[in-house]
J.: 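Before I ask anything, let me first share the structure, which is written out below as structure tokens.
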Amino acid sequence: MKWLARLFPTDDCASETSTDDLHRAAAALLMEVARTDGEVDEREERLLIQAVQRHWRLDDTEMADIVSELRERVEAATDLFEFTRPLRERWDPETRVRLIYDMWAIAAADGKADVHEEQLIRRVSELLYVSHGDYIRGKMAALGEDG
């Protein structure tokens, strides 16, 4: 869990956050969407793993470790800010928008997005400074709605 210490320093000495640490923070946000409705079903976890591997090319072993760590970390997380702050500071706007689209894809894995998933994604998009228009476009794309 060294990546968590780098991403979420507990002392006054801020350590260097690596690119992989940022990818894990994004995976944590995807995991949070997957578990918002109370459980992570197989489709949601598969989409989470596919999104992370597609965008950030993490191997299967690392993904298994990350998913295991994220289950623990997300359970203990008290605020989305700890996951979004490093992403907002280090990622360009397009990458942050892509994460919102991936969050919507996971929320819609069962064919619909519930109100809690929608609220979570809205909050994350605000924390990442993603426009409301991009938030809505992500929702429409995931749910197959016409705009």
Side-chain angles (χ1 to χ4, degrees), residues 1-9 17-147:
M1 291 239 245
K2 291 178 184 175
W3 71 273
L4 291 172
R6 289 189 305 270
L7 191 61
F8 314 113
T17 303
S18 74
T19 300
D20 286 343
D21 296 335
L22 296 173
H23 296 164
R24 290 178 183 102
L29 292 169
L30 294 171
M31 175 64 82
E32 185 63 24
V33 171
R35 63 182 289 284
T36 296
D37 60 2
E39 67 177 272
V40 179
D41 72 27
E42 187 176 311
R43 286 176 295 188
E44 291 170 323
E45 187 166 311
R46 186 177 66 248
L47 283 172
L48 183 155
I49 291 169
Q50 287 172 349
V52 172
Q53 288 177 322
R54 179 177 62 247
H55 297 310
W56 306 306
R57 294 169 184 55
L58 300 174
D59 65 37
D60 291 338
T61 303
E62 187 168 15
M63 273 309 304
D65 291 344
I66 288 170
V67 168
S68 175
E69 287 181 45
L70 289 178
R71 288 180 194 272
E72 294 173 25
R73 180 63 188 186
V74 169
E75 290 290 330
T78 57
D79 191 355
L80 295 171
F81 184 74
E82 66 183 278
F83 293 116
T84 57
R85 182 182 49 96
L87 299 176
R88 184 183 66 238
E89 291 173 355
R90 301 266 311 275
W91 276 4
D92 61 58
E94 293 80 20
T95 305
R96 296 190 315 260
V97 167
R98 186 176 63 209
L99 176 61
I100 296 301
Y101 273 63
D102 287 338
M103 292 177 78
W104 273 118
I106 289 170
D110 59 0
K112 62 185 179 355
D114 75 25
V115 66
H116 302 292
E117 291 167 326
E118 188 169 338
Q119 289 171 347
L120 172 69
I121 299 168
R122 179 183 302 270
R123 180 72 178 128
V124 169
S125 66
E126 290 169 356
L127 290 168
L128 292 177
Y129 300 155
V130 170
S131 74
H132 185 68
D134 284 326
Y135 163 85
I136 294 298
R137 281 186 284 281
K139 177 181 180 180
M140 291 170 59
L143 296 174
E145 298 175 2
D146 294 328

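Just so it is clear, the values below take in all heavy atoms, side chains as well, and ignore hydrogens, waters and symmetry mates.
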J.: Which atom pairs, one a donor and one an acceptor, fall under 3.5 Å between side chains of residues 122-130 and the rest of the protein, sequence neighbours left out?
T.:
from : atom 1 : to   : atom 2 : distance (Å)
S125 : OG     : I121 : O      : 3.3
S125 : OG     : R122 : O      : 2.8

J.: With sequence neighbours excluded, give me every ring pair (Phe, Tyr, Trp, His ring centres under 6.0 Å) pair touching residues 86-108.
T.: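 Matches after skipping sequence neighbours: W56-W91, W104-Y135.
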
J.: Report the residues that fulfil side chain to side chain donor-acceptor pair (under 3.5 Å) with R137, sequence neighbours left out, ordered by chain and then residue number.
T.: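 Applying side chain to side chain donor-acceptor pair (under 3.5 Å) to R137 gives D134.
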
J.: Return the set of residues passing side chain to side chain donor-acceptor pair (under 3.5 Å) with E118 (not counting sequence neighbours), or none when no residue passes.
T.: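 Checked E118 against side chain to side chain donor-acceptor pair (under 3.5 Å); matches are K139.
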
J.: Under the salt bridge (charged side-chain N to carboxylate O under 4.0 Å, His left out) test, which residues partner R43, sequence neighbours left out?
T.: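 R43 satisfies salt bridge (charged side-chain N to carboxylate O under 4.0 Å, His left out) with D41 once adjacent residues are dropped.
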
J.: Using 0.5 Å steps for rounding, measure from the OG1 atom of T95 to the CG atom of L87.
T.: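 With rounding to 0.5 Å, OG1 (T95) is 10.0 Å from CG (L87).
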
J.: Work out which heavy atom in M103 is nearest to a heavy atom in L29; give both atom names and the distance.
T.: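 Closest pair (atom of M103, atom of L29, distance): CE-O, 3.8 Å.
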
J.: Can you tell me if E117 uses its side chain to pair, donor with acceptor, with the backbone of D114 under 3.5 Å?
T.: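 Present.
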
J.: Using salt bridge (charged side-chain N to carboxylate O under 4.0 Å, His left out) as the criterion, list what pairs up with R46, not counting sequence neighbours.
T.: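 Expected list: none.
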
J.: Specify the closest pair of heavy atoms between A105 and A142, including all atoms of both residues, with the distance to one decimal.
T.: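 Of all heavy-atom pairs spanning A105 and A142, the closest is N-CB, 3.9 Å.
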
J.: Would you mind listing every salt bridge (charged side-chain N to carboxylate O under 4.0 Å, His left out) that reaches into residues 94-106, with sequence neighbours excluded?
T.: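 Sorted pair list: R54-D102.
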
J.: NE2 of H116 to OG1 of T36: how many Å apart, nearest 0.5 Å?
T.: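 With rounding to 0.5 Å, NE2 (H116) is 9.0 Å from OG1 (T36).
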
J.: Taking all heavy atoms of L143 and all of A113, pick out the closest pair and write down the distance.
T.: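 Minimum heavy-atom separation between L143 and A113: CD2-N, 4.0 Å.
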
